[in-house]
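Have a look at the structure below before the remarks.
These values consider heavy atoms only, across backbone and side chains, with no hydrogens, waters or symmetry-generated copies. Below, read A as the first sequence line, B as the second, and so on, with proteins coming before strands; counting in each chain starts at 1.
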Number of protein chains: 2
Amino acid sequence: MEPKDLPANILDPNCPSRVIFQRIGDKWASLVIQVLGDGPVRFSELRKMVSVVTPKVLTQTLRALERDGLITRTVHAQVPPRVDYELTAVGESLLQPLSMLREWAESHVPTILEARDAYDDAQDEALLGSSN
Amino acid sequence: MEPKDLPANILDPNCPSRVIFQRIGDKWASLVIQVLGDGPVRFSELRKMVSVVTPKVLTQTLRALERDGLITRTVHAQVPPRVDYELTAVGESLLQPLSMLREWAESHVPTILEARDAYDDAQDEALLGSSN
DNA sequence: AGTCAAAGGTATCCAATGGATACTGATAGC
DNA sequence: GCTATCAGTATCCATTGGATACCTTTGACT
């Protein structure tokens, strides 16, 4: 793993690592993975915990994660049906990098909200100035 | 400690940390930040390095990052114009968490591609079986 | 003088994605 | 029968993303 000649490069649009990187960055996928970090969860529970996601989009997300081997889908032959989603070993290996990002996000909330307010105020002033 | 009462919680749709988390997960934003990790870059260079992004979308991405205080935009009074984008201190603090994700993505490329092939093959067989 | 090129974007239009809402199918319990 | 539960589909519409063309300023070239 020499950093000199990385075999995979996210900046190359033809490199599969980029596709994978963007799957992680998917709006719902990363939340689902973090929820599954505590163990298997069924579909309806996921919907409640990863609020507010519509069933169609949650299904799409879960199928994509399953396809990439990050989660498994287990159907229990019951009525009403019970379907459990669970992290694979690969999926679990994502928990740590994701939790670092999460910690970053949670700890920088105040700073970023301040920056937004300042930026928006500046925009407002610019607009007012131009109309005078 | 129940996870229900975290001060900032990504799973809460009303918590700003979620919005921020999703900005990081934006398709282009995280790539831009990683490119800017080596120092300021001008617009046209960014377009080349973060290929392939259209100017409209790159502008949207940069404006959003600027609004959140992760990058600065500096216009040099020249002709032709020169505009440099540069990470702020907050933006730089994102580099480490992002590089962990990037390393994860790059190192898991083979595993995930295999999983995809296996999944797609299984889907194909299921389709063939149902049509017989 | 006229024309071209460079840089950093906008403007416009169309395709893809995301989301709201309603519905399905099997069965157990009332 | 009627209803409830669960895990989704089906359908439709709004938002976003992307391709392409265009704009502006000024220096260099012809």
Exercise. Quick one: ring pair (Phe, Tyr, Trp, His ring centres under 6.0 Å) pairs with a partner in residues 33-63 of chain A, sequence neighbours left out?
Worked result: none

Problem set entry | Where at least one partner belongs to residues 56-107 of chain B, residue pairs that pass ring pair (Phe, Tyr, Trp, His ring centres under 6.0 Å), sequence neighbours excluded |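 Sorted pair list: B:W104-B:H108.
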
Seminar exercise, completed: For B:M100, the other hydrophobic cluster members (4.5 Å side-chain criterion, sorted by chain and number) are A:M100

Establish, with yes or no, whether the OP1 or OP2 oxygen of [N] is under 4.0 angstrom from a side-chain nitrogen or oxygen of [X].
X	N	value
B:S44	C:dG8	yes
B:W28	D:dT16	no
A:Y85	D:dG8	yes

Exercise. In residues 48-67 of chain B, what residues come within less than 4.0 Å of DNA chain C, judged by heavy atoms?
Worked result: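 Residues of residues 48-67 of chain B under 4.0 Å from DNA chain C: B:P55, B:K56, B:T59, B:R63.
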
For this session: Sorted by first residue and then second, give each salt bridge (charged side-chain N to carboxylate O under 4.0 Å, His left out) pair with at least one member in residues 76-87 of chain A; sequence neighbours left out.
Result: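 Only A:R82-A:D84 qualify under salt bridge (charged side-chain N to carboxylate O under 4.0 Å, His left out).
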
For this session: Can you tell me which residue pairs pass the salt bridge (charged side-chain N to carboxylate O under 4.0 Å, His left out) test with a partner in residues 60-80 of chain A, sequence neighbours excluded?
Result: A:R23-A:D68, A:R67-B:D120, A:D68-B:R116

Identify all side-chain donor-acceptor contacts of residues 25-32 of chain A below 3.5 Å with residues at least two apart in sequence or on another chain.
from  : atom 1 : to    : atom 2 : distance (Å)
A:D26 : OD2    : A:W28 : N      : 3.0
A:D26 : OD2    : A:A29 : N      : 3.0

To the nearest Å, give me how far apart [atom1] ([X]) and [atom2] ([N]) are.
X	N	atom1	atom2	value
B:R47	D:dG18	CZ	P	12 Å
B:K27	D:dT16	NZ	C1'	11 Å
B:D84	C:dA7	CG	P	13 Å

Exercise. Between residues 29-42 of chain B and DNA chain D, which residues have a heavy-atom gap below 4.0 Å?
Worked result: none

Problem set entry | side chain to side chain contact (heavy atoms under 4.5 Å, CB included) against B:E92, all qualifying residues, sequence neighbours excluded |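 By the side chain to side chain contact (heavy atoms under 4.5 Å, CB included) rule, B:E92 matches B:L87, B:L95.
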
For this session: Do nucleotides 24-30 of chain C as a string where each nucleotide becomes B, S or -: B if the base has a protein heavy atom under 4.0 Å, S if just the sugar-phosphate does, - if no protein is that close.
Result: --BB---

Problem set entry | Of all pairs that satisfy side chain to side chain donor-acceptor pair (under 3.5 Å), the ones with a partner from residues 34-53 of chain B, not counting sequence neighbours |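 Only B:Q34-B:R102, B:E45-B:K48 qualify under side chain to side chain donor-acceptor pair (under 3.5 Å).
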
Exercise. Looking at residues at least two apart in the chain, or sitting in another chain, which of them share a salt bridge (charged side-chain N to carboxylate O under 4.0 Å, His left out) with A:R18?
Worked result: none

